Amino acid sequence: MKKLISLIIVLAAISSISAESIRKPKTLVLLDNYGIVDTHSIFFSDLKRIGYDLDIRMINSNTYRIKEFGEYLYDQIILFCASENDLRNVKINQLVEFYDSGRNILFAADYDASKQFRQLVVQFGVDIHELGSNVRDHVFQADPNDPSIIKAHNVISHKWLQTKGDILYRGVGLTLSNYENFQIFGILRGNEYTYSKIYGENEQSIATGQNVALVAGVQGRNNARIIISGSLDLFSNEFFQRSQGVNRQFAERLARWAFYESGVLRMFGVHFNKVNETEQQTVYKILDELEYSFNVEEWDYTQDRWINYETDDFQLEFVMLDPWIRMPISHVSGTSKYMAQFKSPDRHGIFHFKVIYKRPGYTFFEQKDKVIMRPWNHNEYERYLFDASPYYLSVFATMGGFTLFMLFFLFNYSKH
């Protein structure tokens with residue numbers, strides 16, 4: 001009985017560990033104003049409810065360390081710093097190294113973000129608009145008397161980031177790098193009537209419409225993630241209430257994505273073999289019918305488990321220096337399996353099966369498997385080749401002609 005109870009306890013512990021294995025709870029929250037703890041208390045309480053362990057510190061204090069004895073003490077950092085001119089205890093290279101190590105950061109700026117904060121964000125391909133500028137919209141404005149509070153609804157088409165309803169936003173605009181791609185992308189953009197403008201003596205327009213990014217996402221090749229918001233108020237209690245919960249839902253989805261809890265994929269079960277066979281080999285012969293398969297699952301934080309990931313944009317390449325074959329990979333309905341079949345090219349050498357998947361907001365992965373393609377052995381060719389029929393005919397014609405000549409020579413001689 002005791003052994004049974006102990007076994008149940010162990011299994012329960014293992015299941016709880018596996019359910020929480022994807023979430024890394026240690027989070028450092030850096031603020032330049034302790035009043036943000038009160039004005040953004042709902043956001044912080046939501047993170048604690050999810051399971052994150054928040055260590056809230058003032059950025060200009062000396063009471064914390066990001067790294068100690070060569071080991072990072074936190075899994076992610078939240079940086080809510082509006083106007084602190086001196087980040088003091090946090091240097092730009094420290095946060096860049098933190099990100100390069102595979103950890104995540106959530107930034108939120110404001111109108112008067114410091115020069116150092118702007119330089120920090122530029123390191124990740126995002127530029128905060130000039131000091132003295134802000135975003136306005138005279139059509140989609142939440143307050144008739146204040147066009148700086150806009151109602152944004154242009155959210156990226158992404159399963160885990162889409163939010164229904166108008167998101168309240170008050171802050172500064174962002175410009176993404178000119179080479180915006182799968183690594184740097186806009187999550188929330190301005191509406192068609194939104195504009196970002198510098199006010200004051202040197203008044204000038206910076207960007208309009210969808211060119212004004214409000215919230216940006218960055219994901220490195222190591223799958224570390226960053227959220228950059230030009231509005232600190234987006235996460236505030238005031239906007240949570242005024243938006244009737246839309247901002248709250250959007251802020252939670254941003255945090256879950258930034259902290260690698262949504263949009264997470266895993267690839268496993270890679271297998272390749274000849275069609276109608278099951279054994280995986282490293283050497284195949286040219287013109288073999290080959291089959292390549294793998295499984296992909298997606299983490300669903302609403303169920304705390306892995307689910308099948310279904311899409312139609314996987315692509316397989318069969319490469320030797322350059323791709324010899326490039327083809328789509330079909331999904332096996334009702335499973336997490338993807339499979340492709342093709343005839344190998346009439347070329348011997350070292351080839352690679354290659355699957356590269358890089359989509360904005362999802363885990364990047366690249367799978368390469370090496371195989372050797374050999375030519376046929378002498379006894380593996382067909383006995384007779386149809387393409388060689390003229391040569392066969394010429395051989396038999398020569399033999400027949402020689403036979404007729406010999407018969408004529410032997411039996412048709414002159415009496416003289």
Side-chain angles (χ1 to χ4, degrees), residues 21-22 24 99-104 124-125 158-159 179-185 217-226 257 260 262-299 306-333 335-376:
S21 61
I22 196 170
K24 299 179 179 179
Y99 170 73
D100 288 340
S101 70
R103 289 164 174 78
N104 314 303
F124 305 108
H158 188 284
K159 175 181 178 181
Y179 50 90
E180 179 182 352
N181 52 24
F182 56 88
Q183 287 187 267
I184 305 172
F185 54 95
V218 181
Q219 181 165 310
R221 296 184 186 276
N222 60 354
N223 286 312
R225 295 177 176 180
I226 294 178
W257 183 87
Y260 210 67
S262 67
V264 180
L265 306 178
R266 69 174 181 180
M267 183 181 187
F268 63 97
V270 177
H271 189 80
F272 49 90
N273 53 268
K274 291 177 64 175
V275 174
N276 298 326
E277 295 184 8
T278 58
E279 183 182 358
Q280 179 171 308
Q281 303 173 9
T282 57
V283 180
Y284 297 94
K285 63 177 182 285
I286 58 175
L287 300 178
D288 270 348
E289 292 282 347
L290 301 181
E291 179 180 281
Y292 188 85
S293 63
F294 56 87
N295 297 73
V296 179
E297 291 183 338
E298 178 181 20
W299 178 257
W306 294 97
I307 61 174
N308 298 337
Y309 180 67
E310 300 182 10
T311 185
D312 58 357
D313 58 354
F314 277 116
Q315 182 175 270
L316 174 66
E317 293 181 346
F318 198 54
V319 180
M320 185 175 68
L321 297 181
D322 295 318
W324 285 69
I325 294 175
R326 181 182 287 129
M327 61 180 298
I329 305 177
S330 303
H331 176 248
V332 180
S333 180
T335 69
S336 62
K337 188 174 183 178
Y338 290 82
M339 184 170 61
Q341 294 182 355
F342 64 93
K343 177 181 285 189
S344 62
D346 189 4
R347 173 70 174 177
H348 62 274
I350 298 176
F351 283 80
H352 287 90
F353 294 102
K354 184 182 289 187
V355 177
I356 301 176
Y357 194 73
K358 295 179 179 179
R359 300 294 182 271
Y362 285 98
T363 303
F364 305 149
F365 54 79
E366 180 175 342
Q367 179 69 28
K368 292 177 64 177
D369 298 285
K370 183 177 74 173
V371 292
I372 299 172
M373 304 303 299
R374 65 169 178 82
W376 288 348

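Only heavy atoms go into these numbers, but all of them, side chains included; no hydrogens, no water, no symmetry mates. On a predicted model such as this, the values are computed, not experimentally measured, just so you know.
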Can you tell if the side chain of [X] reaches within under 4.5 Å of the side chain of [Y], non-hydrogen atoms only?
| X | Y | value |
| --- | --- | --- |
| I356 | F365 | no |
| L290 | N273 | no |
| V371 | T282 | no |

If you take all heavy atoms of [X] and [Y], which pair is closest and at what distance?
| X | Y | value |
| --- | --- | --- |
| R359 | F182 | C-CB, 4.4 Å |
| T363 | V264 | OG1-CA, 3.2 Å |
| H158 | G361 | NE2-O, 3.1 Å |
| G220 | Y99 | N-OH, 2.8 Å |
| W376 | I286 | NE1-O, 3.1 Å |
| P328 | A340 | O-CB, 4.2 Å |

| said: Regarding E298 and R266, does a basic nitrogen lie under 4.0 Å from an acidic carboxylate oxygen? | reply: no
Distance-only donor-acceptor hits, side chain of residues 342-353, under 3.5 Å, sequence neighbours excluded:
{"residue": "S344", "atom": "OG", "partner": "L287", "partner atom": "N", "Å": "2.9"}
{"residue": "S344", "atom": "OG", "partner": "D288", "partner atom": "N", "Å": "2.9"}
{"residue": "S344", "atom": "OG", "partner": "D288", "partner atom": "O", "Å": "3.2"}

Approximate separation, where rounding is to 0.5 Å, of [X] [atom1] and [Y] [atom2]:
| X | Y | atom1 | atom2 | result |
| --- | --- | --- | --- | --- |
| M339 | S330 | CE | OG | 7.5 Å |
| K368 | E317 | NZ | CD | 10.5 Å |
| Y284 | K274 | OH | NZ | 8.5 Å |
| E297 | K337 | CD | NZ | 13.5 Å |
| E310 | T335 | CD | OG1 | 8.0 Å |
| S101 | N222 | OG | CG | 8.0 Å |

| Between M320 and M373, is a side-chain contact (heavy atoms from CB on, under 4.5 Å) present by the stated rule, with each step listed? | CA-CA 10 Å; M320 185 175 68; M373 304 303 299; over 6 Å; no
| task | Give the C-alpha distance, both sets of side-chain angles, the deciding distance and a yes or no for side-chain contact (heavy atoms from CB on, under 4.5 Å) between L316 and Y338. | result | CA-CA 10 Å; L316 174 66; Y338 290 82; over 6 Å; no
| said: Pair Q341, E289 - check side-chain contact (heavy atoms from CB on, under 4.5 Å), show working. | reply: CA-CA 7 Å; Q341 294 182 355; E289 292 282 347; 5.5 Å; no
Between the side chain of [X] and the main-chain N/O of [Y], is any donor-acceptor distance below 3.5 Å?
| X | Y | value |
| --- | --- | --- |
| N295 | V270 | no |
| N104 | R225 | yes |
| Q280 | F272 | yes |
| W257 | G263 | no |
| Q219 | Y362 | yes |

| task | Measure from the ring center of F318 to the ring center of Y292 and say whether it is less than 6.0 Å. | result | no
| request: Could you tell me if the ring centre of Y357 sits under 6.0 Å from that of F314? | output: yes
| said: So, applying side-chain contact (heavy atoms from CB on, under 4.5 Å) with W299, which one of Y260, Y309, W306 is it? | reply: W306
| Heavy-atom neighbours of D313 CG exceed 12 at 6.0 Å | yes
| Partners meeting side chain to side chain donor-acceptor pair (under 3.5 Å) with Q367 (sequence neighbours left out) |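 Result, side chain to side chain donor-acceptor pair (under 3.5 Å) vs Q367: D369.
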